[in-house]
Each structure stands twice: as C-alpha cells, then as structure tokens.
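Take a look at the structure set out below.
Order of the sequence lines fixes the chain letters, A, B, ..., with proteins taken first and strands second; residue numbering starts at 1 for each chain. Just the heavy atoms: all of them, side chains too, but no hydrogens, waters or symmetry mates, feed the values below. All values derive from a computational prediction rather than experimental measurement.
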2 protein chains.
Amino acid sequence: MTSKPAVDDGLRARKRAATQAGLEQAALALALEHGYENVTVDMICDAGMVSQRTFFNYFGTKEGAFLGTPPPMPADAELARFVQGAGADVLGDLVGLITAALVDQEPDPGILRSRRMLIERTPELLGRENTRITELEESLTLLVLERFHAQGRSEESTPGLEDEARMAVTLAGSVMRFSMQKWFTGGFTGSPGELLRHSIALMRRIAAAENPAPEGARVRP
Amino acid sequence: MTSKPAVDDGLRARKRAATQAGLEQAALALALEHGYENVTVDMICDAGMVSQRTFFNYFGTKEGAFLGTPPPMPADAELARFVQGAGADVLGDLVGLITAALVDQEPDPGILRSRRMLIERTPELLGRENTRITELEESLTLLVLERFHAQGRSEESTPGLEDEARMAVTLAGSVMRFSMQKWFTGGFTGSPGELLRHSIALMRRIAAAENPAPEGARVRP
DNA sequence: CATCCTGCGTGCAGCTACTGTAATTTTATT
DNA sequence: AATAAAATTACAGTAGCTGCACGCAGGATG
C-alpha cells in the first residue's frame, strides 16, 4: 500500500496509532455495554487516558470514534483493474471491489463485527454510515462510467449511459446492504463470498420478476 | 384524549398547525440561504416568533424542522389493497405504494421540492432521511411477507421467502432513490409516473446483465 | 551534545443543541 | 365568570464541539 515496505514508523507515529486504537476500542466497548447515547466523550477520554481536547483532535466528532477511519476507497491498482475489466458482469465486479476494500481496511474482524453490531442498533450512527456510503457511491459511479468508456461506449452512442452507471452502483450498494444485514444478523452459515453470490442471484431473480408493468396506472394512483 | 370524538380542529389545533408550518418554512428558507450548518435554532425561533423551548416542543430536534413530519406510512386501505394484490409485479406495486404515500402527505409541492434540494446538499440531513427510510422499509418487508402469504406461499414451502421480501423492498427503495435523484437534479422531462416506470425498466435491464458470475472468485479476491 | 522547531497534548473560555422544571398565558369547558 | 387543560415561556443546566495559546517531548541539524 505504501511506497516503503514497513519501517517508516517513528516512535511518534506508533504512539499515535496506539492512542487512536485505544480510544476506538474503548468507545466501542463502552457503547456496547451502556448504549451509544449513554456514553459521553469524557468517559471515552478517561478510558483512553487523554484529555477531551485530544479526543477531538483525533476524531473531530464523537461519532468518529465509533465509525473508525472514514471511507474504504480501493487501491489504485484494483481500480485500474476494474476499469479495464472486460467482463460483462459489472455488478459482480463492483461488489467484489467494495468487498475487497472493506476487508483489507480493517485487520481485526472482531472490531469490525462489534462495530457493525453497534451501528446496526444505533440510528444515529447508521445515518452517518449511510452518508459515507452515499459519498463513496458518487466516486464509484464515475468509475463505472470510465469502465464503460474503456469498453467503447460513449454518451453519444448511448443516451442513458450515466443513468446506467448510477443504477449499477445503486444496485451494487443494495446487494452490499442486504448481505451485511444478513451476515450480521447471523442468518447465514457460509463464507462471505457465498453470501455475496447468493445475494446477487436473489436480486437478479426478484428484479426479473414477472410482468414489468400491467397497465402503468398502478405506478401512480 | 377528549370524550368527544368529533370536530377535533378548534382554534387550538389551527394555531398549532400554523406555528409548525411557519417554523418549517422559516427553517427551509434560512437553510437554503445560509446553509444548514450556519442556521441556529435561535434564528428559526426569531423568524417563527416562538421561544427556543417551544421549538423543541414541536420538533424535538433541529433536524426535525427541516425534515418535516416523520415517515409517510400509507393508509390502511391502500395497505390492504397491496396485500391482496394478485398482480405478480411486486416491485411496481411497492413503488406505487410508496409514491402514493409521499404525494398525499405534503400538499405543497414547492415545500417538498426545496426540502429535497436542501436534503440533497446536506450530508447530515441526508443521513437522517436514509435512517427514516430504513425504518420504513422494516414495516414494508412485513407487508410484502403478508402479501406472499395471501398468495399461498409460506416459509415452509419456500425457504428464502423472508429474504425475498426484504430484497424486493430493498430494490423498490433503490428505484425510489434513483428516481428522486433524477427528478430533483432536473435530469428528466416528463411525468413522475413515467420517470418511475423508466427507472424500474432500467433497473431490470442492469440487474439482468450478462453472466451471473464468471467463476465466483471475482467476488472475493 | 546543544539547539532549534515542529508536532502533539492540554486547559480554558465559549458557542450551540437540547432537557427539566416551574411559572405564566392562552384556549376550552361548565 | 370560574375552573380545568393545554400551550408557551423563562431559566438553569448538561453535553458535544471549537479556537486559542501554552508547554513539552521527538526528531532533525550543526
């Protein structure tokens, strides 16, 4: 990921990372025990042994400590691979891209899971999470458009190309949300890969459905 | 509350409604001019000529004044109609249901539009909105399940029935989001009904795509 | 080793969103 | 007109969050 293989960390950086990790962990633990609303920033600071001011230097916001580092944007190499991807399965590739970013972003799956739990049961955090995702989708739409261009499709030749890209991203997002939900409510026994494929298949089946629109009047009474 | 069931709108109720509408309007106007973050509750109170405490009696939260009355849940009659709907087009019917609720909920389309504009450009509000929608989707999923049952399908005969319902709701939500976005960025010239049908068709096309999954390894590198 | 200096943590003062409480005013009822 | 009920208000207090200025330790330079 970085230019140098490893050692670039000084004592400073290491301490910093430790403090941040400590705060995040404390925040999660406290929230899972007392509920997000009942946890004050001061509590987290006590547990992490820093001043309140320092806390805000790290996260800027209370929520920040619970949500972890901002948005998982894939590495450039993978992005290029996606754009060049000749495969016709945009949806599958998109889902793969997002998943990859998610995985190599958080080393500890335990943290990831409990964070997910907390977010799931806390509307306020869920809102923030959605916001982040929305912002991410913005960039992904541009990516898909690039891919389309790489495949020789242009706005001129295909009028609704941008819509198509946006819809693809939207659907990929739906698959991710659906899978997450199923995964963290424990309704699935199997590998994440399986789950994702299962979700995509299900989506295709539902979307295909029967009659596209019986008379059209149904849509807007 | 009172012993009499009849004419519940006296002077009281009318004043109340006026105050609330005034506050909402003031909030929207102020935010569109100065940006959401730069509008304080006190400003809104000044414009609406009430105390800060009263403001919070009405909305409970600053965001409330900008988002309007909570979630548009359809009337019982329409719900029943949806459940009994023999039509196979679950998606279309769902979209129709949501749309109907949206329309007869806010009489003034001008308010609705500017509110939409504001939400669109304000991450914080967008997050809240998404949260509300998510909560709504919860109930809709149950509805779809009822409909399935009315069609004689049970969890026993069809293992993934609940998943199917959830996915249908998720997809309907995607269609709504997509349409909203297109509608309020002005990228569409035509009736809302047309737009919705167009969106559904597009979704079906993208979802269908080509190969479901070349090898599966793509999904989780 | 001495020196600078830069990044980081801290206290403090202050703003804004929000809540509880009790008093005051306004509307409804008899 | 008297009284009950409800709405609105002022006031005080809590929690999230920010700008500012100071001090200290890590790291670079000579």
**Prompt:** For every nucleotide of nucleotides 13-18 of chain D, 5' to 3': is a protein heavy atom under 4.0 Å from its base (B), only from its sugar-phosphate (S), or from neither (-)?
**Reply:** ---SBB
**Prompt:** Does B:R16 place a side-chain N or O at less than 4.0 Å from the phosphate oxygens OP1/OP2 of D:dT8?
**Reply:**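 Yes.
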Between [atom2] on [N] and [atom1] on [X], what's the gap in Å once rounded to a whole number?
| X | N | atom1 | atom2 | result |
| --- | --- | --- | --- | --- |
| B:L23 | C:dA17 | CG | P | 14 Å |
| B:I44 | C:dT16 | CD1 | P | 13 Å |
| B:K15 | C:dA28 | NZ | C1' | 13 Å |
| A:Q20 | C:dG9 | CD | C1' | 15 Å |

**Prompt:** Has A:R121 got its NZ or CZ under 6.0 Å from the middle of the six-membered ring of A:Y36, at an angle within 45 degrees of the ring axis?
**Reply:**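 No, A:R121 does not lie over the aromatic ring of A:Y36.
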**Message:** Taking the six-membered ring of B:F66 as reference, does the cationic atom of B:R115 (NZ for Lys, CZ for Arg) lie under 6.0 Å from its centre and within 45° of its axis?
**Reply:**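 No.
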**From C:dG9, D:dT9, C:dT27, nucleotide with atom closest to B:V50 side chain** =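 Closest of the options to the side chain of B:V50: D:dT9.
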**Side chain of A:T54 - closest among C:dT10, D:dG26, D:dT8** =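 My answer, after comparing the listed nucleotides, is C:dT10.
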State, yes or no, whether a side-chain contact exists between [X] and [Y] at a heavy-atom distance under 4.5 Å.
| X | Y | result |
| --- | --- | --- |
| B:R177 | B:K182 | no |
| B:E137 | B:R166 | no |
| B:Q25 | B:Q20 | no |

**Prompt:** So what does A:Y58 touch, heavy atoms closer than 4.0 Å: a base, only the sugar-phosphate, or nothing?
**Reply:**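 Sugar-phosphate contact only.
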**Request:** Mind running side chain to side chain contact (heavy atoms under 4.5 Å, CB included) on B:V90 and B:F148 for me, showing each step along the way?
**Result:** CA-CA 10 Å; B:V90 195; B:F148 284 166; 4.3 Å; yes
